[in-house]
Amino acid sequence: MSIALKQVFNKDKTFRPKRKFEPGTQRFELHKRAQASLNSGVDLKAAVQLPSGEDQNDWVAVHVVDFFNRINLIYGTICEFCTEQTCPVMSGGPKYEYRWQDDLKYKKPTALPAPQYMNLLMDWIEVQINNEDIFPTCVGVPFPKNFLQICKKILCRLFRVFVHVYIHHFDRVIVMGAEAHVNTCYKHFYYFVTEMNLIDRKELEPLQPSP
């Protein structure tokens, strides 16, 4: 990684603090295995496949937290250029607009400027992944029955960050020399969610190449 790119992806730029896995836990070992696969230059399609004998929920949990950290970092690099003036609507080009709903303050899908949407999104995900009832960290504590449904919603919303960054801010990513990093992160995300069937194909349309 170049010095310039290291400066781009430094800890001060992270949009939110990173969630880490406790050393010695099964999930920490899975996280290390997943990272080793990525760093070894292994085919990303192969790297996302559930390892033999491992629990699907554990594998998904590791990736959801990792993608949250990585996408956080990517958005953190361009967030100063994503303002209520430049991005008054959370969108992915003229065809796709994303509205926020959290069943708390926003009980109905609500149009918001992109930076406000991103803040609410990252806060919402952070609450989920720090909730021991949803993402248990103790060995032997089971995942909730609706765990995969929750993860599908998290990943679907994280995908929207990619859509917005690619369509509205990729010029800044290129200027920073971060294009390869963002592309690799997106490919990893895309292969994982399609391999594990975690995002509806219709949701993925904004970044599908034109026929």
* Asked: Mind checking whether V175 and V165 sit in one hydrophobic cluster, side chains of I, L, V, M, F, W, Y counted as touching below 4.5 Å?
  -> no

* To do: Check the hydrophobic clustering (I, L, V, M, F, W, Y; side-chain heavy atoms under 4.5 Å; chains of links allowed) and say if Y106 and I125 are grouped together.
  => yes

* At their closest point, which heavy atom of M196 faces which heavy atom of V48, and how far apart are they? -> SD-O, 4.3 Å

* Over all heavy atoms of both residues, which pair between L155 and F189 is shortest? Give the atoms and the distance, please. => O-CZ, 3.3 Å

* Derivation and outcome, ring-ring contact (aromatic ring centres under 6.0 Å, His included), residues Y117 and H164 -> CA-CA 11 Å; Y117 184 103; H164 187 72; 8.9 Å; no

* Can D102 and W100 be counted as having a side-chain donor-acceptor contact under 3.5 angstrom? -> yes

* Asked: Side chains of V182 and F170: closer than 4.5 Å at any heavy-atom pair?
  -> yes

* List the atom of V64, the atom of C151, and the distance in Å for their closest heavy-atom pair. => CG2-SG, 3.9 Å

* To do: Could you tell me whether the side chain of M90 reaches within less than 4.5 Å of the side chain of L112, counting heavy atoms only?
  => no

* Asked: When the aromatic ring centroids of H63 and F192 are compared, is their separation below 6.0 Å?
  -> yes

* Asked: Y96 versus R160: any side-chain heavy-atom pair under 4.5 Å?
  -> no

* Centroid separation H169 to Y75 less than 6.0 Å -> no

* Exam field: side chain N119 to backbone P115, donor-acceptor pair closer than 3.5 Å -> yes

* Asked: Is the shortest heavy-atom distance from the side chain of D123 to the side chain of V127 under 4.5 Å?
  -> no

* Could you tell me which non-hydrogen atom of Y191 sits nearest to which non-hydrogen atom of K45, and how far apart they are? => CE2-CE, 3.3 Å

* To do: Supply the atom-to-atom distance F135 CZ to D58 CG, rounded to the nearest 0.5 angstrom.
  => 11.0 Å

* Asked: From L44 CG over to E195 CD, what is the distance, rounded to the nearest 0.5 angstrom?
  -> 12.0 Å

* Asked: Do V163 and V89 share a hydrophobic cluster (ILVMFWY, side-chain heavy atoms under 4.5 Å, transitive)?
  -> no

* **From CD1 (I134) to CD1 (I150), nearest 0.5 Å** => 4.5 Å

* Does the pair I74 and V161 meet the rule for a side-chain contact (heavy atoms from CB on, under 4.5 Å), with working shown? -> CA-CA 9 Å; I74 288 169; V161 181; 5.9 Å; no

* Asked: Would you say the side chain of Q208 lies within less than 4.5 Å of the side chain of Y190, judging by non-hydrogen atoms?
  -> yes

* Evaluation steps, side-chain contact (heavy atoms from CB on, under 4.5 Å), between W124 and R157 -> CA-CA 10 Å; W124 175 80; R157 289 179 165 184; 3.6 Å; yes

* How long is the gap from SG on C82 to CD on Q116, to the nearest 0.5 Å? -> 11.5 Å

* Would you name the heavy atoms of Q128 and I154 that are closest together and state the gap between them? => CB-CD1, 3.9 Å

* **Of all pairs that satisfy salt bridge (Lys or Arg N to Asp or Glu O under 4.0 Å), the ones with a partner from residues 89-100, not counting sequence neighbours** => E97-R99

* To do: Dump the intermediate steps for side-chain contact (heavy atoms from CB on, under 4.5 Å) on Q101 and T110, then the final yes or no.
  => CA-CA 6 Å; Q101 181 178 8; T110 306; over 6 Å; no

* Structure fact -> Between the CG atom in D103 and the NZ atom in K108, the distance rounded to the nearest 0.5 Å is 12.5 Å

* Hey, does the side chain of N130 reach the backbone of E126 with a donor-acceptor pair shorter than 3.5 angstrom? -> yes

* So F159 and Y186, would you call those rings parallel, tilted or perpendicular, with 30° and 60° as cut-offs? -> tilted

* To do: Of all the heavy-atom pairs spanning Y98 and P206, show the shortest one and how long it is.
  => OH-CG, 3.4 Å

* Are a donor atom and an acceptor atom from the side chains of H168 and T86 found within less than 3.5 Å of each other? -> no

* Structure fact -> CG (N57) and CG (L148) are apart, to the nearest 0.5 Å, by 5.0 Å

* Between F162 and C185, is a side-chain contact (heavy atoms from CB on, under 4.5 Å) present by the stated rule, with each step listed? -> CA-CA 10 Å; F162 276 123; C185 185; 3.9 Å; yes

